[in-house]
Protein chains: 2
Amino acid sequence: MAKKRVSIKDIAKALGVSITTVSFIINGKAREQRISDEVILKVKNYIKEVGYKPSHVAQSLRLGKSKIIVFMAEDISNQFFSSIARFIEEKAYKNGYKIIYCSTDNDTEKAKELISTFQMRNVDGFIITPTPNIEESIQDLIKEEFPVVLFDRWLPKVDCSHVIVENRKSAFEGAQHLINKGCKNLAFVTVQSSQTQMVDRSSGFKEAARNADVTFTEFELKFHNLSEVGPYEELLDFFKSREEIDGVFFATNYLAFEGLQALDSLGREIPGHVKVVSFDDHYFFNLYKPKITAIEQPLELISEKLMETMLSHLDEFTVGYTPRKVVLSNTLNERESS
Amino acid sequence: MAKKRVSIKDIAKALGVSITTVSFIINGKAREQRISDEVILKVKNYIKEVGYKPSHVAQSLRLGKSKIIVFMAEDISNQFFSSIARFIEEKAYKNGYKIIYCSTDNDTEKAKELISTFQMRNVDGFIITPTPNIEESIQDLIKEEFPVVLFDRWLPKVDCSHVIVENRKSAFEGAQHLINKGCKNLAFVTVQSSQTQMVDRSSGFKEAARNADVTFTEFELKFHNLSEVGPYEELLDFFKSREEIDGVFFATNYLAFEGLQALDSLGREIPGHVKVVSFDDHYFFNLYKPKITAIEQPLELISEKLMETMLSHLDEFTVGYTPRKVVLSNTLNERESS
DNA sequence: TAATTTAGATAAAACCTTTTAGCATGCTGT
DNA sequence: ACAGCATGCTAAAAGGTTTTATCTAAATTA
């Protein structure tokens, strides 16, 4: 019953040829190694007959390549990350790579552990959303010559490839949108974070606000795991105490979802009473009544660039790792009912 | 620069001890193998010093176990699957397993290819949402003694472990809910599919409808990939021609999202004009105005049972694979504004 | 004292590939 | 008749582990 996996050795023995010969045939090097058609046919037929599949593990060991890439997201169940995961998967598989995923929860310790776990696993590369204070681990990976590509945010202190979007510029435009629509008292709702994507969004927003004839507040929620219960209560309190607010910029869609509920509870009408823009578009902004204006990140393009960068690093035989830094544009999807 | 990874052999050479000794120490078998404290200390210190990490690939080859499980979802970017992925990840990592994911798009050919690709990769097990007509491949896996656990749906023709939910019963209850609320003309919106989860939902709905004093229609959309553009237009046409419908049961949340938009466009008010129930709850049903009643699947429990079943199979040294079939209860979240 | 046990360690096989270097054999050209 | 070459194939090393069987020297037992 327990059919043992057949190996190259078994084939060789059964057919009375050498292991080498079989290997050459399997790898399409038969011709160039001048194996006779007769033998080729015999081996190929036998392989088909017994359904031989080479052991990838043995290949990995021999070749030092596993054809596995790690995708370290903040939280794979978050729509943004799972969408990217989907695209990445497609592009990876097309190139013969498989993806192992994991979620950091933006927890530095967890991320460090994960990285260290994978270092021993002969994975070929890392695609990572860096957590705070992860610089050292990333630097380590690079020193050990692992290809690394960061995304969503980057680490100013580490010279590492990354694919990010124009956070600052888009936040500026989002704020400008509110201003153009006539908002006078803006709020920027964000989470407490010193990571680049958040800092950039904040600074973009503020620049637009400062340049205009408006007042603005920044409301910084303490950090919540994406998977935790939402900060609805906090937002409710905030909006309750700020009746004058007539334009809100949410720094992430997750904040927007909670914020919209809070605004709704308070009877603030959108876009009549208060106008809203969110960073990071979502299917539901289009479904919500009223539809919500949002800044859309180019998910597929991000994924494409991620894999492109990864593959280019994987192909570099050279010792030198030359980081590539990609910055992509977003789209402001205006959705106010006119 | 190019620091070569240090192997057990390097350690042995550097310290003038044998490979075996080092291996025993690394694997905590030093005591039982009577290695002296002196040597143990020397080796452990050296390991720490050079930052040795064992090669998992070599271990896999030697032990025939990779500590990798494949998670084959229909579409990892779909909220249902990505949520499960997240839970599975947690439970897998806790037990020393890593997860490789892939998406089938419910495409049989693609699924077959993926399965065949992974068979050669020495993965330890498969968690799969089976596509139509995949029976043979699954049977193959089982014959080759791979642990397999199906979920979301199962294959009546294959004796294989699975974790599913009470589709029939919950659909019955969902329909009953509409009936209790006074609906007289029901519609069951589904996609064309002969897979168990859809068939069961349909039959549950119909049973409730037949037992009651109501009329009902089943509207079967042709299959769409989850990632494709939605069937909004089709639903619009359907509802337009059926003004009498006052209760709709959507067989998946994805259909509900599109259907809600269609109903909205037609000015049908919920729950005044028409009442709605969806299978498979979603964050947004709670956010939508009005809130939408939905049947919630126990995502974490599903994941738990999946891993539990998988781990139990992985632990079975025996030749016989004894399938375990788990069926879990759902929750009807009633959300009509009273 | 001889026989046996124990402590402390190791050699070598096995897991499955890929690939380099090389071995016969027969043929060509001179 | 012999160097040189093409043909068709193979031995063996390497990649990094784990584990079984074994080995030596010292300690214990009879």
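Within every chain, numbering begins at 1; the chains are lettered A, B, ... in the order of the sequence lines, protein sequences first and strands thereafter.
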Would you kindly give the [atom1]-to-[atom2] distance between [X] and [N], to the nearest whole Å?
{"X": "A:Gln33", "N": "C:dC23", "atom1": "CD", "atom2": "P", "result": "16 Å"}
{"X": "B:Lys9", "N": "C:dA13", "atom1": "NZ", "atom2": "C1'", "result": "14 Å"}
{"X": "A:Ile25", "N": "C:dT17", "atom1": "CD1", "atom2": "P", "result": "14 Å"}
{"X": "B:Leu41", "N": "C:dA9", "atom1": "CG", "atom2": "P", "result": "13 Å"}
{"X": "B:Lys13", "N": "C:dA11", "atom1": "NZ", "atom2": "P", "result": "13 Å"}
{"X": "B:Asn27", "N": "D:dT19", "atom1": "CG", "atom2": "C1'", "result": "10 Å"}
{"X": "B:Gln59", "N": "D:dG16", "atom1": "CD", "atom2": "P", "result": "13 Å"}
{"X": "A:Arg34", "N": "C:dA21", "atom1": "CZ", "atom2": "C1'", "result": "12 Å"}

Pick base, sugar-phosphate or nothing for [X], based on heavy-atom distances below 4.0 Å to the nucleic acid.
{"X": "A:Val39", "value": "sugar-phosphate"}
{"X": "B:Thr21", "value": "base"}
{"X": "B:Val57", "value": "nothing"}
{"X": "A:Ser55", "value": "sugar-phosphate"}
{"X": "B:Leu63", "value": "sugar-phosphate"}

Query raised in the report: Between B:Tyr101 and B:Phe71, is the ring centre distance below 6.0 Å?
Result: no

Side chain of [X] only, heavy atoms from C-beta on: which candidate in [options] is closest?
{"X": "B:Lys29", "options": "C:dT19, D:dT19, C:dC15", "value": "D:dT19"}
{"X": "B:Tyr52", "options": "D:dT17, D:dC9, C:dC15", "value": "D:dT17"}
{"X": "A:Ile8", "options": "D:dG8, C:dT17, C:dG8", "value": "C:dT17"}
{"X": "A:Phe24", "options": "C:dC16, D:dT19, D:dT10", "value": "D:dT10"}
{"X": "B:Ser23", "options": "D:dG15, D:dT19, C:dA7", "value": "D:dT19"}

Report task. Classify the side chain of A:Thr20 and the base of D:dA12 as holding, or not holding, a donor-acceptor pair under 3.5 Å. Result -> yes

Query - A:Ser103 and B:Glu89: side chain donor to acceptor below 3.5 Å - result: yes

**Report entry** Residue met sooner reading DNA chain C from 5', once B:Leu61 and B:Glu38 are mapped to nucleotides
**Finding:** B:Glu38

Query raised in the report: Looking at A:Val149, A:Ile115, A:Ile134, which one forms a side chain to side chain contact (heavy atoms under 4.5 Å, CB included) with A:Ile128?
Result: A:Ile115

Report task. If the plane angle is over 60° it's perpendicular, under 30° parallel, otherwise tilted; pick one for A:His162 and A:Trp154. Result -> tilted

**Report entry** Cationic N near anionic O, under 4.0 Å, B:Asp124 to B:Lys67
**Finding:** no

